[in-house]
Amino acid sequence: MHALSRLSPEIRQYLLVTGNYWAFTLTDGALRMLVVLHFHGLGYSPLQIAALFLFYEIFGVVTNLVGGWLGAHLGLNRTMNIGLGLQVAALLMLTVPAAMLTVPWVMAAQALSGIAKDLNKMSAKSSIKLLVADSQQGTLYKWVALLTGSKNALKGVGFFLGGALLTGVGFTGAVLAMAAVLALIWLASLVTLKKDLGKAKSKPKFSDLLSKSRAINILSAARLFLFGARDVWFVVALPVYLASSFGWDFWQVGGFLAVWVIGYGIVQSFAPYFTGKRSGKLPDGRAAFVWAALLAGLPAVIALGLGTELPAQTVLIGGLLLFGALFAINSSLHSYLIVSYAKEDGVSLDVGFYYMSNALGRLIGTLLSGWVFQAWGLEACLWVSSAFVLLAALISIGLPRHAPVVRAS
């Protein structure tokens, strides 16, 4: 704590925000794996398990929209702390006796966790805008990429943590342990976060929830299709396919997906080095189009490869790794652009609207993943993924284009 006090106020707040986000992300990833493993052990099918997370995604859409308005009114420190508190409550809901762990009860707990997650994420991403001067866009991109990438890497670590805790102390013990640790972090956050962080000078009306910025509206639409393209084959279709077609057991499937998410997060952290920083330029709308266009054909190539005599595992795993790398760069680039486009006063309104589109894309992708896979198989999911990325690329053509020189940071 003494070393932390010697840092500049901006760096100190950034580290506190990041630390909160990391702690939350670990519990979020671990909780997902705990629920999947526990209910898999009870005999639930993959599609039934996916349904447990339906409210998690639905409430994410609402929370991002309303949460941005709350952040502008109450301050981002409060919305972040509300998110941490709600996650503790969601974890405690799952410590009830086994007989009470019915599907509706678990769905309700997941709904609360979804609200908590999106409040926490919206607060963390919005806070960075307020901690970096507008003239330091290079620093802004670097901080956003590090926050986003580290979050996803830690979510993968959380998958491993959930499995380890379930093995070591059982479902109830694991959830109770995570609730206790997160409660301590929540209490520390109540004391240390800047009190007026992100509070708008002029209180926005509820009608201001929808963004009035053309650039943010276009970016939000592109984000919707980008994340729908990932989840349409990643959420349900891919795990079920790996288990049913390749004969992988649950630990192989879960372990592989955890490693994929960690690698995805690492690539996100280094995205600035792939998108122009080495040449002294920051990405703009043209970069968003180019990187989405590079990704658009890949799922279709994987689908075609699965229809040939090439080894299916080689085609799918190799394609998945390449998809993860390109998708990570697209995602990190979008995360920088939204923070850059957002206005400083009431930043959470713009960021919340954008992440509402992100959550809606995840919801659409999750629903399509189960339906399309069950009706037509993985190849159909991959074709839908390609179509969605192509739409994201075409929408990105309307984004502002400029190429400012990176300032020293």
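Excluded from the calculations below are hydrogen atoms, water molecules and symmetry mates; all remaining heavy atoms, backbone and side chain alike, are included.
Expressed to the nearest 0.5 Å, how far OG1 of T27 lies from CG of L34 amounts to 10.5 Å.
Here the side chains of S385 and F234 are not in contact, with every heavy-atom distance at 4.5 Å or above. In this structure, the side chains of I302 and L322 stay at 4.5 Å or more apart for every pair of heavy atoms. With contacts defined as side-chain heavy-atom distances shorter than 4.5 Å, the pair L382/L306 qualifies. Between I185 and F24, the closest side-chain pair of non-hydrogen atoms is not below 4.5 Å. Side-chain contact between L242 and L316 is present, with at least one heavy-atom pair separated by less than 4.5 Å. You'll find the side chain of L367 stays beyond 4.5 Å of the side chain of V232, heavy atoms only. Proximity of V106 to V103: side-chain heavy atoms (C-beta onward) are nowhere separated by under 4.5 Å. No side-chain heavy atom of Q87 sits under 4.5 Å from any side-chain heavy atom of W186.
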When you look at L190 and L187, which way does the side chain to side chain contact (heavy atoms under 4.5 Å, CB included) test go after all the steps?
CA-CA 5 Å; L190 289 172; L187 292 173; 4.2 Å; yes

Test side chain to side chain contact (heavy atoms under 4.5 Å, CB included) applied to L154 and Y21, step by step:
CA-CA 10 Å; L154 279 172; Y21 197 33; over 6 Å; no

Show the numbers, then the answer: is there a side chain to side chain contact (heavy atoms under 4.5 Å, CB included) between Q110 and L31?
CA-CA 9 Å; Q110 287 297 305; L31 179 58; 3.8 Å; yes

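Taking the six-membered ring wherever Trp is involved, the centroid distance between the rings of W376 and W371 falls below 6.0 Å. The aromatic ring centres of F388 and F227 sit 6.0 Å or more apart.
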Sequence neighbours excluded and cut-off under 3.5 Å, please list the side-chain donor-acceptor pairs for residues 253-269, or say none.
residue	atom	partner	partner atom	Å
W260	NE1	L320	O	3.0
Q268	OE1	N152	ND2	2.4
Q268	NE2	S331	OG	3.0
S269	OG	G265	O	3.2

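Around atom OH of Y241, more than 12 heavy atoms belonging to other residues, nucleotides or ligands sit under 6.0 Å away.
Checked against side-chain hydrogen bond (donor to acceptor under 3.5 Å, both in side chains), S357 has no partners two or more places apart in sequence or in another chain.
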